[in-house]
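One structure is given below, encoded as structure tokens.
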Amino acid sequence: MTLGRRLVALVWPALAVQLLLPLVLLVGMTAAMATPNRVVVQKLSQDVASRVYGPSYLGDAVGGRLDRFTECIAASQGSAIRGDYSPLERAISSPRLPSCDQGAGVVRELAAHGGSVPGEHDHKLEYSRYWNGYALVSRPVIALWGLAGARLVSFGLLAASVVGLWAAVLRRRGGLAAVALLAPLVLGTNLVTSPLAYTHALSLAAALGLAAVVLRWGNPVPRLLALTVLSGGLYVFIDFLTNPGLAWSLTAAAAVLTARRDETAWGRVGRLVCGGAGWAVGYGATWMAKWLIVGIHSGFGAIRREISEVGGSRLSGTMEGRVDLSPGAAVLKNWRTWMEVPTAGTLAGACLVLLLVGLVVGLVRRQALLEPLLLVVCAAIVPVWYEVLKNHSQIHAFFTYRSMAGAAGILAMAGATLLASRRVGSSRRHTAASEQP
């Protein structure tokens with residue numbers, strides 16, 4: 001097969017995924033937004049009355065806070081403060097209500113008027129720059145069971161994603177590697193209590209679950225590239241810019257772990273490139289596809305201004321001195337925030353020890369160190385993300401810090417793979433010796 005044909009065979013599945021994905025997502029969002037607004041608002045009104053709705057922030061049981069502010073916005077996704085939208089318009093323009101404090105009164109008013117109040121659309125309350133794909137799950141669920149139902153469903157999806165990633169790593173690299181990867185996230189962050197603010201739980205479920213899919217089915221390489229593109233696209237669809245660095249690093253690490261035991265060095269590096277670049281392409285291209293759809297529907301002027309203003313602020317806005325733009329400040333802020341979790345220091349120390357012990361044992365036993373080093377590169381994606389989005393990574397450090405725990409887990413897994421590979425090799429030699437006459 002010629003080089004050109006090999007490249008086509010490698011790329012075309014990923015290209016097909018990327019071209020079809022935005023259309024599929026738009027159809028899915030339109031179907032979700034067809035859920036009657038009257039029913040959604042009525043359920044939210046009941047939640048307001050029973051104090052299930054809000055408050056903006058609450059303790060997360062590990063010393064931090066949970067982001068109900070975003071949950072209140074997300075719960076109303078598709079509902080307009082004035083006027084009404086068709087399902088397709090809701091999917092594209094993403095109207096929403098104010099957050100918890102102001103939103104409670106608006107929810108009561110809309111419920112009293114059957115779900116909509118006549119008037120002009122308030123375009124300032126549209127979140128069109130995001131896909132807001134969590135609504136694909138939450139809007140129908142809220143219509144049936146309210147916010148409590150959305151939180152319960154998000155808990156189930158998150159639990160399934162944790163188990164799925166654990167099982168996938170266990171299958172590829174053993175139990176020690178699986179525990180090493182997940183322990184910092186599960187025991188050292190507010191992951192377990194995140195379903196009390198369901199948008200974060202859905203984002204975490206997507207990050208872990210999509211990495212599990214890549215790890216479980218990421219062979220051969222063309223399928224691996226297609227799955228990493230799909231992972232990036234689906235994550236930006238679900239996520240509200242909470243932990244992209246975590247999702248990216250986990251997907252890249254999963255791609256590295258898909259390598260066969262007899263994989264060549266260049267083959268392993270190629271898998272890292274597929275995981276890292278594929279996820280980035282899927283994430284960026286799918287997000288830009290949403291902007292293109294909004295521009296075609298509503299005009300490019302408004303979305304261009306919104307992206308320019310908000311994007312510039314999230315990258316390098318100083319927020320009147322609240323954000324330190326010096327090198328390393330965003331990483332340090334998230335590290336300090338993580339260290340406020342009571343178990344974080346112990347877990348971080350354990351991860352470092354496991355990595356160092358694994359590297360020392362690997363050197364002594366003359367094991368191949370390429371895979372652990374590639375995993376270290378995957379973990380480095382997290383601090384790079386923090387530094388690129390300096391503003392966002394500091395003003396939202398109370399939830400972006402979770403990516404730091406994910407990076408620590410990847411480093412610990414790098415050490416664990418070295419330790420586990422020795423045991424596998426030893427057991428095989430022992431078996432072979434025992435079978436000799």
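These numbers come from a predicted model, not from an experiment. Keep in mind that the numbers below use all heavy atoms, side chains included, and drop hydrogens, waters and symmetry copies.
A side-chain donor-acceptor contact under 3.5 Å links Arg271 and Thr258. Side-chain contact check for Asn190 and Arg65: no donor-acceptor pair (N or O, by modelled atom type) lies under 3.5 Å. Side-chain contact check for Asp60 and Thr193: no donor-acceptor pair (N or O, by modelled atom type) lies under 3.5 Å. Between the side chains of Asn37 and Ser79, at least one donor-acceptor pair of N or O atoms lies under 3.5 Å. For Tyr283 and Ser231, the side-chain atoms include no donor-acceptor pair closer than 3.5 Å. A donor and an acceptor atom, one from each side chain of Thr242 and Ser203, are located under 3.5 Å apart.
The number of heavy atoms from other shown groups lying within 6.0 Å of CE (Met288) does not exceed 12. In this structure, Tyr57 places its OH atom where more than 12 heavy-atom neighbours from other residues, nucleotides or ligands lie under 6.0 Å away. Dense packing is recorded around CH2 of Trp287, with more than 12 heavy atoms of other residues, nucleotides or ligands lying under 6.0 Å away. Applying the 6.0 Å contact sphere to CZ of Phe398 captures more than 12 heavy atoms from other residues, nucleotides or ligands.
Taking CZ of Arg139 as the reference point, atom CZ of Arg90 lies at 5.0 Å (rounded to 0.5 Å).
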**Prompt:** Please walk me through it: do Tyr134 and Gln77 pass side chain to side chain donor-acceptor pair (under 3.5 Å)?
**Reply:** CA-CA 9 Å; Tyr134 49 79; Gln77 201 69 51; 3.0 Å; yes
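Contacts of Arg172 classified as side chain to side chain donor-acceptor pair (under 3.5 Å), with partners at least two apart in sequence or in another chain: none.
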